[in-house]
2 protein chains.
Amino acid sequence: MSPAIEGLAPSAVEPLFVALGDSTRRSIFFSLMEREQSIKELASPLGITLTGLGQHIRVLEAAQLVSSRKVGRERRCAVDPAGLERLEAFARLQRSLWRSRFDALRHIVEGP
Amino acid sequence: MSPAIEGLAPSAVEPLFVALGDSTRRSIFFSLMEREQSIKELASPLGITLTGLGQHIRVLEAAQLVSSRKVGRERRCAVDPAGLERLEAFARLQRSLWRSRFDALRHIVEGP
DNA sequence: TAGAAAGTGAAGTCTGCACTTGACTATCAT
DNA sequence: ATGATAGTCAAGTGCAGACTTCACTTTCTA
């Protein structure tokens, strides 16, 4: 597989869609787009427990949408650009694949 | 909201992530990337009922990832480029938003 | 025109996973 | 040092949603 499509096989974007398939995780992600935040800061407005939020963070990290590090007793969470980059690359690739097939089909139907 | 970002608010991409958040629907979508297919053709390899598959198609259509039309007694399903276009535009927008905020932050920390 | 094939709608089943509880550790403040 | 704050782990609960069944309609074909 060429370097350009590496990491773009369906299996590579699966964690991304799994992560953003949940509305709570989407909220967390969009909230982190605003600014870096701790587990507590993220959990409060959503009305869920710290435990529950920690579980979501792990899923988001697996998709490389979020990265986190411990600072003192807090866990600082921030957007990881890798996930968004992969998502964009995936969408662009699929779109171009579809377009080339569509054009090929039209070519057959309409003639050259 | 400017025309360029219209349809890219979080609420607009929600159906997209909901649709692709399910592994069966991802399979259906990738299968349709290969070629247009009927409900029956899509259901057989997945080992699920026609009813079940029809339900998935509705979700994919709501996300504009798939479009379908009745041809005789068959329903022909195909990829709708609108969904992929929206997905790509969304990812690009979010990525640029994140980058501008990241750069602004670095500017503060490191100085001009 | 009878039977088969493709699909749809309503209603039910069941399982994955979002979320909690309770017990525990680590860090901060006073 | 003592309490308060932030987070983590293991284990359990409940429900949304994926999937089924059954009854029905429409279209094809022999």
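Here is the naming used below: chain letters follow the sequence lines, and residue numbers restart at 1 for every chain.
- The shortest heavy-atom contact between Arg95(B) and Glu85(A) is CD-CG, 3.4 Å.
- Summarising the geometry, atom OG1 belonging to Thr24(B) is positioned 12.0 Å from atom CG belonging to Leu42(B); distances are rounded to the nearest 0.5 Å.
- Separation of the Phe17(A) and Phe90(A) ring centroids falls under the 6.0 Å cut-off.
- Taking each heavy atom of Asp80(A) and Ser67(A) in turn, the nearest pair found is CB-N, 3.9 Å.
- A pairwise comparison of heavy atoms in Ile39(B) and Ile57(B) identifies CD1-CG1, 3.9 Å as the closest pair.
- In this structure, the helix from dT1(C)-dA30(D) to dT30(C)-dA1(D) shows an angle of 30° between the axis at its start and the axis at its end, each fitted on 5 base pairs and rounded to 10°.
- Across all non-hydrogen atoms, the minimal contact from Leu87(B) to Leu16(B) is N-CD1, 3.9 Å.
- Distance CD/Glu41(A) to CZ/Arg75(A): 14.0 Å, rounded to 0.5 Å.
- The two residues Val18(B) and Arg25(B) make their nearest non-hydrogen contact at O-NH2, 3.2 Å.
- OP1 or OP2 of dA6(C) has not a single side-chain nitrogen or oxygen of Arg76(B) nearer than 4.0 Å.
- Looking only at side-chain heavy atoms (C-beta outward), Arg101(A) and Glu34(B) come within less than 4.5 Å of each other.
- Of all non-hydrogen atoms in Pro15(A) and Ala63(A), the two that sit nearest each other are O-CB, 3.4 Å.
- With a heavy-atom cut-off of 4.0 Å to chain B, the contacted part of DNA chain D has its first and last nucleotide at dA18(D) to dC28(D).
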Legend entry - Nucleotide-resolved protein contact map, nucleotides 19-30 of chain C, B/S/- at heavy-atom distance under 4.0 Å: BBBB----BS--

